[in-house]
Trainee: 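The structure that follows is given in the form of structure tokens.
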Amino acid sequence: MNILLFLCLLLRKHISNVKIANIIPYGNMAKEFSTRAENYSQWYNDLVIKADLAENSAVRGCMVIKPYGFAIWEKMRDVLDGMFKDTGHSNAYFPLFIPKSFFNKEAAHVEGFAKECAVVTHYRLKNSEDGKDIVVDENARLEEELIVRPTSETIIWDTYRNWIQSYRDLPILVNQWANVVRWEMRTRLFLRTAEFLWQEGHTAHATKEEAIAETKQMLDVYADFAENWMALPVMKGTKSPNERFAGAVETYCIESLMQDGKALQAGTSHFLGQNFAKAFDVKFLNQQNQQEYVWATSWGVSTRLMGALIMAHSDDNGLVLPPKLAPTQVAIVPIFKSKEQLEKISEKAVAIKKELQAKGIKVKYDDRDTYKPGWKFSEYEFKGVPVRLAIGPRDLENGTIEVARRDTLEKEIYQQSDIANKVEHLLDKIQNNLYQRAFSFREDKTFKADTWEEFRDIVENKGGFVYAHWDGTPETEQKIKDETKATIRLIPLDDKREEGKCIYTGKPSERRVVFARAY
RNA sequence: CGGGAAGUAGCGCAGCCCGGUAGCGCGCUUCGUUCGGGACGAAGAGGUCGCGGGUUCAAGUCCCGCCUUCCCGACCA
């Protein structure tokens with residue numbers, strides 16, 4: 001390492017002000033992280049822990065989201081919340097507990113969620129006979145059990161019944177930020193936990209057309225967020241009946257591709273038709289003075305987006321965050337020996353920090369003397385901070401500053417003049433580069449298959465999305481899933497008709513659908 | 001919920017087969033030298049060995065039950 005360091009210094013002397021390509025890779029990382037190639041899922045697990053995003057809790061399947069991880073989620077939440085408000089929605093809050101009987105009312109819905117519901121049966125504890133323990137008081141059994149919400153359609157539609165009488169009460173455009181519980185057998189931090197955070201929008205409309213327009217609008221909001229904030233390219237489409245939300249007439253979704261070639265559903269938007277209105281008897285009087293059932297939508301994204309964000313961009317050195325969602329966008333590290341030196345450098349560094357802050361950039365000036373510069377470099381690297389600035393005595397003399405970008409691991413020496421503008425542009429560049437990189441990756445991993453052999457080969461050996469013909473039956477989809485683990489991720493929204501034959505049964509098909517193995 | 005593996009200091013692990021004084025590395029504390037890619041030396045602190053029973057003079061070690069995590073299935077966002 002010392003030799004490398006020496007070489008680096010030599011290089012810098014000879015080509016100061018010129019870009020130094022390819023930062024020294026650190027051997028240390030290998031000790032702490034699995035690599036993606038070695039073991040992708042271990043890499044993901046390590047990353048979540050080492051980047052200080054979340055950890056497992058004392059409760060099975062439930063995670064603790066740590067401050068750094070929560071800061072990212074908070075940013076996502078704030079941006080999405082703004083987008084919801086801009087499209088006319090308001091936030092509200094409904095109860096965590098739902099009377100069990102509510103679940104009986106919509107047949108498909110109950111069937112979809114029954115197997116993973118947590119149930120509250122008692123409301124009191126007491127001391128055990130021997131006084132050593134706390135036990136459930138059997139005398140305090142609830143008359144009707146309460147379900148911990150796995151989603152809130154039922155309690156919300158029961159409530160909407162009282163809110164809606166006339167077409168003048170419509171539309172209702174409500175969103176809630178909440179936690180939900182689905183009793184999962186096998187969990188992974190962010191990707192699948194028993195409790196997770198999400199938002200669920202629930203809207204009520206006078207007409208079918210308006211409800212469908214709302215469903216599509218919110219899908220577009222999600223796609224916009226994924227692409228422009230998360231730098232995550234997504235495909236839009238509808239789900240096959242097998243994959244449809246329990247109780248929906250049509251489920252729209254955005255699907256993204258992770259670096260291991262598996263698809264991840266990043267958001268869903270459901271057209272619920274009049275299913276819940278009928279189940280909960282929610283009617284309104286239209287302008288012709290006739291009773292009609294209300295039309296409904298619901299839409300949601302969850303902390304699972306954190307998983308998508310991590311798996312889409314990060315590398316073997318740790319987390320890589322798109323600048324627009326990074327809690328810290330720029331870290332400034334001073335290089336110093338003495339206190340006097342630190343004071344001089346700090347003067348310059350703080351000035352630069354202020355310049356950056358004036359542009360709305362989130363900056364952290366790390367003048368701790370308890371950690372060495374190299375240690376800080378590593379830390380910011382595996383925490384995914386997009387840009388790191390280093391400033392030392394040499395830079396003070398030369399009016400320069402070292403700029404390192406996380407996405408490409410390149411370092412350059414910049415002149416200090418106009419540094420704020422340069423960094424601002426660099427952040428934009430990184431944001432775009434991450435999107436482009438993810439987009440090219442997806443392009444390279446998107447295939448067409450016309451025969452069963454071809455299909456199997458792609459799914460098993462290449463991964464990624466496969467456009468293929470399907471005869472439209474749930475039975476065929478199930479068989480394909482049983483044999484290859486690939487499912488229909490979506491039926492593309494663009495209405496590209498193409499005559500063909502189902503890859504599995506050979507029956508006629510009018511269009512290709514997108515298959516993949518999925519999270 | 002089925003099959004496998006693991007749980008010993010904050011983290012990573014050895015010790016268990018063959019019962020008898022709880023160990024190593026990293027991290028942590030103090031001091032000194034260092035500081036442009038995870039510094040070095042010296043001296044320290046830190047443990048109900050996952051939890052609960054049992055066997056035994058004696059259990060981290062043997063036996064039984066449970067909990068948690070990871071991997072593979074079924075289920076699922």
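Quick note: numbers below take in every heavy atom, side chains included, and nothing from hydrogens, waters or symmetry partners. Proteins get letters first, then strands, A, B, ... in listed order; numbering begins at 1 in each.
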Trainee: What is the ring orientation for A/His270 with A/Phe245, classed by angle as parallel under 30°, tilted 30 to 60°, or perpendicular over 60°?
Mentor: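 Ring orientation of A/His270 relative to A/Phe245: parallel.
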Trainee: Pick one: which of A/Arg368, A/Lys372, A/Arg388 meets salt bridge (charged side-chain N to carboxylate O under 4.0 Å, His left out) with A/Glu379?
Mentor: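 Of all the options given, the one that passes is A/Arg368.
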Trainee: Does A/Asn56 have a side-chain nitrogen or oxygen under 4.0 Å from the phosphate oxygens OP1 or OP2 of B/C70?
Mentor: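 Yes, such a contact exists.
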Trainee: Within less than 4.0 Å of OP1 or OP2 of B/C71, is there a side-chain N or O belonging to A/Ser41?
Mentor: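 Checking A/Ser41 against B/C71: at least one side-chain N or O falls below 4.0 Å of OP1 or OP2.
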Trainee: Please tell me if the side chains of A/Ile49 and A/Asn56 come closer than 4.5 Å, counting only heavy atoms from C-beta onward.
Mentor: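 Of all side-chain heavy-atom pairs linking A/Asn56 with A/Ile49, none is under 4.5 Å.
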Trainee: With respect to the phosphate group of B/U68, does any side-chain polar atom (N or O) of A/Arg60 fall under 4.0 Å of OP1 or OP2?
Mentor: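 For B/U68, OP1 or OP2 has a side-chain N or O of A/Arg60 closer than 4.0 Å.
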Trainee: Parallel, tilted or perpendicular for A/His109 and A/Phe103, by the 30°/60° rule?
Mentor: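 A/His109 and A/Phe103: parallel rings.
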Trainee: Under 4.0 Å, heavy atoms only, any strand: does A/Thr193 hit a base, just the sugar-phosphate, or nothing?
Mentor: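 Contact class for A/Thr193: base.
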Trainee: For a quick check of understanding: with a heavy-atom distance under 4.0 Å over all strands, which category does A/Asp395 fall into, base, sugar-phosphate or nothing?
Mentor: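 Contact class for A/Asp395: base.
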Trainee: Rounded off to whole Å, could you give me the CD1-to-C1' distance for the A/Ile335 and B/G36 pair?
Mentor: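 Distance, rounded to whole Å: 5 Å.
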Trainee: With a non-hydrogen cut-off below 4.0 angstrom, is A/Glu184 in contact with a base, only sugar-phosphate, or nothing?
Mentor: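 Since a base atom lies under 4.0 Å of A/Glu184, the category is base.
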Trainee: Considering only the P atoms, how many Å lie between B/A5 and B/G44, rounded to the nearest integer?
Mentor: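 That atom pair is separated by 43 Å.
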Trainee: Considering every strand and a 4.0 Å limit on heavy-atom distances, what is the contact class for A/Leu264: base, sugar-phosphate, or nothing?
Mentor: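 If one applies the 4.0 Å heavy-atom cut-off, A/Leu264 turns out to touch nothing in the nucleic acid.
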Trainee: May I ask you to verify if any side-chain N or O of A/Lys337 is less than 4.0 angstrom from the OP1 or OP2 atom of B/G36?
Mentor: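 Looking at the OP1 and OP2 atoms of B/G36, neither is under 4.0 Å from any side-chain N or O of A/Lys337.
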Trainee: Give the rounded distance in Å between these two atoms: CG of A/Leu342 and C1' of B/G36.
Mentor: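 Going from CG in A/Leu342 over to C1' in B/G36 covers 15 Å.
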